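It should be emphasised that the depicted structure is a prediction, and the values quoted were computed from it without experimental measurement.
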Amino acid sequence: MLRTIVAGLIGLVFGTGIAISGMGNPAKVLNFFDIAGTWDPSLALVMAGALVVSAIGYRFVLRRPEPVLEARFHLPTGRKLDLPLLAGSAAFGIGWGISGFCPGGAVPALGLGEPSAWIFVGAMLAGIAAARTIRLALEARITQPA
């Protein structure tokens with residue numbers, strides 16, 4: 001129960017930060033990408049601030065022998081640049097550039113009543129389901145005996 005409460009509080013802090021920074025507003029995000037037009041560099045400051053806070057936070061947290069509410073740290077171990085990573089990164093960037101939403105900004109925008117966020121999140125969930133279905137089908141095909 002404590003883990004659920006802490007996760008909810010962390011989500012609330014994250015969502016509040018997204019709302020305050022404007023990351024839930026697709027127009028603000030799209031203006032960041034419009035270098036030749038209505039460029040808004042404030043998003044770069046938000047990203048830089050997030051990187052600084054994360055870097056400092058990781059330094060403190062990873063000095064602990066284990067997390068407070070978990071048995072071990074769950075950190076990525078893969079360092080290989082492969083097709084799924086590159087394709088996923090490209091899909092993320094294209095989707096963010098077209099819609100003005102990333103998953104981290106779209107979910108809190110649902111609570112702000114942003115109608116386009118509902119469309120984005122629905123499309124994102126459909127894309128996740130389709131990608132999973134394709135991946136499982138390809139894995140099944142590879143593991144079938146000849």
Side-chain angles (χ1 to χ4, degrees), residues 1-62 67-144:
M1 180 66 162
L2 181 60
R3 286 176 59 191
T4 303
I5 292 170
V6 170
L9 290 173
I10 291 169
L12 185 62
V13 169
F14 178 78
T16 302
I18 291 290
I20 290 171
S21 69
M23 291 280 290
N25 179 358
K28 184 170 187 70
V29 174
L30 292 174
N31 284 338
F32 173 72
F33 290 120
D34 189 6
I35 296 170
T38 57
W39 186 55
D40 180 0
S42 65
L43 198 53
L45 298 174
V46 170
M47 290 184 214
L51 285 172
V52 169
V53 170
S54 295
I56 293 169
Y58 268 95
R59 289 241 176 214
F60 283 111
V61 169
L62 294 179
V68 176
L69 298 174
E70 190 65 46
R72 65 180 181 85
F73 289 106
H74 299 277
L75 299 172
T77 57
R79 299 194 181 272
K80 186 171 78 168
L81 292 177
D82 57 5
L83 183 60
L85 176 66
L86 295 174
S89 300
F92 175 89
I94 291 167
W96 194 27
I98 290 172
S99 69
F101 281 119
C102 74
V107 173
L110 295 174
L112 297 174
E114 177 67 42
S116 58
W118 288 94
I119 296 168
F120 176 86
V121 170
M124 178 183 72
L125 293 174
I128 290 169
R132 183 165 195 255
T133 301
I134 292 167
R135 182 178 51 84
L136 291 174
L138 289 173
E139 287 174 359
R141 217 169 155 196
I142 289 170
T143 58
Q144 286 180 350

Show me the side-chain donor-acceptor pairs of residues 88-98 shorter than 3.5 Å, one per line, residues at least two apart or across chains.
residue	atom	partner	partner atom	Å
S89	OG	L85	O	2.8

Tell me, which pairs form a salt bridge (charged side-chain N to carboxylate O under 4.0 Å, His left out) where one or both residues lie in residues 82-105, sequence neighbours left out? none

Among residues two or more places apart or on two chains, list those pairs meeting salt bridge (charged side-chain N to carboxylate O under 4.0 Å, His left out) that have a residue in residues 97-113. none

Are any of the side-chain heavy atoms of L62 and L75 separated by less than 4.5 Å? yes

With sequence neighbours left out, what residues match [X] under side chain to side chain contact (heavy atoms under 4.5 Å, CB included)?
| X | answer |
| --- | --- |
| V61 | F73 |
| L136 | R132, E139 |
| T4 | none |
| A117 | F101, A109, L110, E114 |

Smallest separation among heavy atoms of F120 and A106, with atom names: CD2-CB, 3.4 Å

Tightest non-hydrogen contact, residues V29 and L43, listed as CA-CD2, 3.9 Å

CG-OG distance between L30 and S99, expressed to the nearest 0.5 angstrom: 7.0 Å

Quick one: list whatever passes side chain to side chain donor-acceptor pair (under 3.5 Å) with R59, sequence neighbours left out. none

Which residues satisfy the ring-ring contact (aromatic ring centres under 6.0 Å, His included) test with Y58, sequence neighbours excluded? none

Could you give the side-chain donor-acceptor pairs of residues 10-27 under 3.5 Å, partners two or more places apart or in another chain?
residue	atom	partner	partner atom	Å
T16	OG1	L12	O	2.7
S21	OG	G17	O	3.0
S21	OG	I18	O	3.1
S21	OG	M23	N	3.4
N25	OD1	A27	N	3.0

Check for a donor-acceptor pair, side chain of W39 on one end and backbone N or O of D34 on the other, with a separation under 3.5 Å. no

With sequence neighbours left out, write down each residue that passes salt bridge (charged side-chain N to carboxylate O under 4.0 Å, His left out) with R72, or none if nothing qualifies. none

Suppose we screen for salt bridge (charged side-chain N to carboxylate O under 4.0 Å, His left out). Which residues come up paired with D40, at least two apart in sequence or across chains? K28

